[in-house]
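Contents: one structure, followed by commentary.
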Amino acid sequence: MTDIRPLPHIMKTKPYVPGGKLAGAKGPVVMLASNENPFGPNPLAIEAMREAAASVHVYPDPTYGALRGAIARAMGITDANRIVVSSGSDEIIHLLTQCYAGPGDEILQTEHAFSMYAVSATAHGAACISAPETDLTAGANAILACISERTRILFLANPNNPTGTMMSVDALTALQDALPPHVLFVIDGAYGEYVGPHYEAAIRDLVDRRANTVMMRTFSKIHGLAAVRLGWAYLPQEIAETFQRIRGPFNVNSLAVAAGIASISDPAFIQMSREHNTLWRAKMTDALNAMGLATPGSEANFVLPDFGSAERAAAANDFLKARDILVRAVGGYGLPTRLRISVGSAEDNEAVLAALRDFTASR
Ligand SMILES: Cc1ncc(COP(=O)(O)O)c(C=O)c1O
């Protein structure tokens, strides 16, 4: 026995539930639970990591200038000093929360938001408030109605995970204009590449438009680099400086740096991945709707069919697991009647659709 006790809000924090692995699988598992790129990493990134491996006895450059420069060039950002890099974009969520919110403060998100915002809010002692969505989509009026004097950060994934829906750039701009000056607007563009370069440029420009807005991004999705843990953000100068005060001096490892530079400098791989996703997302949405599983239009790399009841969604999940197919239950996101299915390889997509055809034919 000791008298060592964690802070009370740490004990209130419910840990993030990851997509996980399938226990007891009979053969290769069809992994459609974590929105990963079915093509794997860019071969140029693999080569760059091989080369960088020989030098991992040396600490990385703590300024991350080469990586930030490569991101700036690829994204048309003129001031690379306003880019910060991180160990996955989860770290950005935590560090921004740590900088700007604490006990007595509020973090605002929307009803079916990515769960790390709530994890981070609670872990830092802040309350997490959820604005209602309409038809699984965030809206400016509902968000603004939840702003209080205590609101410190608005986290909005656009497109959102797990719904796949998004607010238009016009709606984001109107929301940005209407936010009171004490609220930091964090646009999480984890799935921005799946919408396309015009959208990526539009959210970049929102950061330049007002000193209250941050864009965060990840290398875990379209870049196929989830395991190296690499994220970044583009921020107003003052917020970038605040962030730099508390990030670990070597928070990104050298393999991630090498992979990130190679990957973000090769638009062809990103375009190929996006085109595959657009094609298969439409095919999967149509096929699921044809099975009677209402599937809203998604702008990301996953779809969200509705099985009509929580029991039927759970039965479908078990049915898929029995065929070594792993998708994501989203009851924890307030969506118990649905499953989230990532867009995978053509073969894996066919496999999950065939299994669900069998499932819906039988019950
Ligand atoms: C909306 C959103 N933001 C952030 C993340 C975190 O990504 P990472 O920490 O791998 O960069 C995810 C991961 O699924 C996500 O869906």
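Numbering of ligands and ligand atoms starts at 1, following listing order. All values below were derived from every heavy atom in this structure, side-chain atoms included, with hydrogens, water molecules and symmetry-related copies excluded.
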Quiz item: Are a donor atom and an acceptor atom from the side chains of Asp306 and Thr337 found within less than 3.5 Å of each other?
Solution: yes

Exercise. Classify the side-chain pair Thr13/Thr122 by whether it contains a donor and acceptor separated by less than 3.5 Å.
Key: no

Quiz item: Who pairs with Pro336 by side-chain contact (heavy atoms from CB on, under 4.5 Å), at least two apart in sequence or on another chain?
Solution: Ala310

Exercise. For the pair Tyr117 and Phe155, name the ring-plane relationship: parallel under 30°, tilted 30 to 60°, perpendicular over 60°.
Key: parallel

Quiz item: What distance do Asp105 atom CG and Arg150 atom CZ have between them, rounded to the nearest 0.5 Å?
Solution: 8.0 Å

When you check ligand 1 against the protein, what N or O pairs turn up below 3.5 Å? List the atom names and distances, or just say none.
{"from": "ligand 1", "atom 1": "3 (N)", "to": "Asp188", "atom 2": "OD1", "distance (Å)": "3.4"}
{"from": "ligand 1", "atom 1": "3 (N)", "to": "Asp188", "atom 2": "OD2", "distance (Å)": "2.6"}
{"from": "ligand 1", "atom 1": "7 (O)", "to": "Ser89", "atom 2": "OG", "distance (Å)": "3.3"}
{"from": "ligand 1", "atom 1": "9 (O)", "to": "Ser89", "atom 2": "N", "distance (Å)": "3.2"}
{"from": "ligand 1", "atom 1": "9 (O)", "to": "Asp90", "atom 2": "N", "distance (Å)": "3.0"}
{"from": "ligand 1", "atom 1": "9 (O)", "to": "Asp90", "atom 2": "OD1", "distance (Å)": "3.4"}
{"from": "ligand 1", "atom 1": "9 (O)", "to": "Asp90", "atom 2": "OD2", "distance (Å)": "3.4"}
{"from": "ligand 1", "atom 1": "9 (O)", "to": "Arg229", "atom 2": "NH2", "distance (Å)": "2.7"}
{"from": "ligand 1", "atom 1": "10 (O)", "to": "Ser220", "atom 2": "OG", "distance (Å)": "2.6"}
{"from": "ligand 1", "atom 1": "10 (O)", "to": "Arg229", "atom 2": "NH1", "distance (Å)": "2.8"}
{"from": "ligand 1", "atom 1": "10 (O)", "to": "Arg229", "atom 2": "NH2", "distance (Å)": "3.4"}
{"from": "ligand 1", "atom 1": "11 (O)", "to": "Ser89", "atom 2": "N", "distance (Å)": "2.6"}
{"from": "ligand 1", "atom 1": "11 (O)", "to": "Ser89", "atom 2": "OG", "distance (Å)": "2.8"}
{"from": "ligand 1", "atom 1": "11 (O)", "to": "Thr218", "atom 2": "OG1", "distance (Å)": "2.5"}
{"from": "ligand 1", "atom 1": "11 (O)", "to": "Ser220", "atom 2": "OG", "distance (Å)": "3.4"}
{"from": "ligand 1", "atom 1": "14 (O)", "to": "Lys221", "atom 2": "NZ", "distance (Å)": "2.9"}
{"from": "ligand 1", "atom 1": "16 (O)", "to": "Asn161", "atom 2": "ND2", "distance (Å)": "2.7"}
{"from": "ligand 1", "atom 1": "16 (O)", "to": "Tyr191", "atom 2": "OH", "distance (Å)": "2.7"}

Quiz item: Only one of Asn35, Thr218, Asn301 forms a side chain to side chain donor-acceptor pair (under 3.5 Å) with Tyr191, so which one is it?
Solution: Asn35

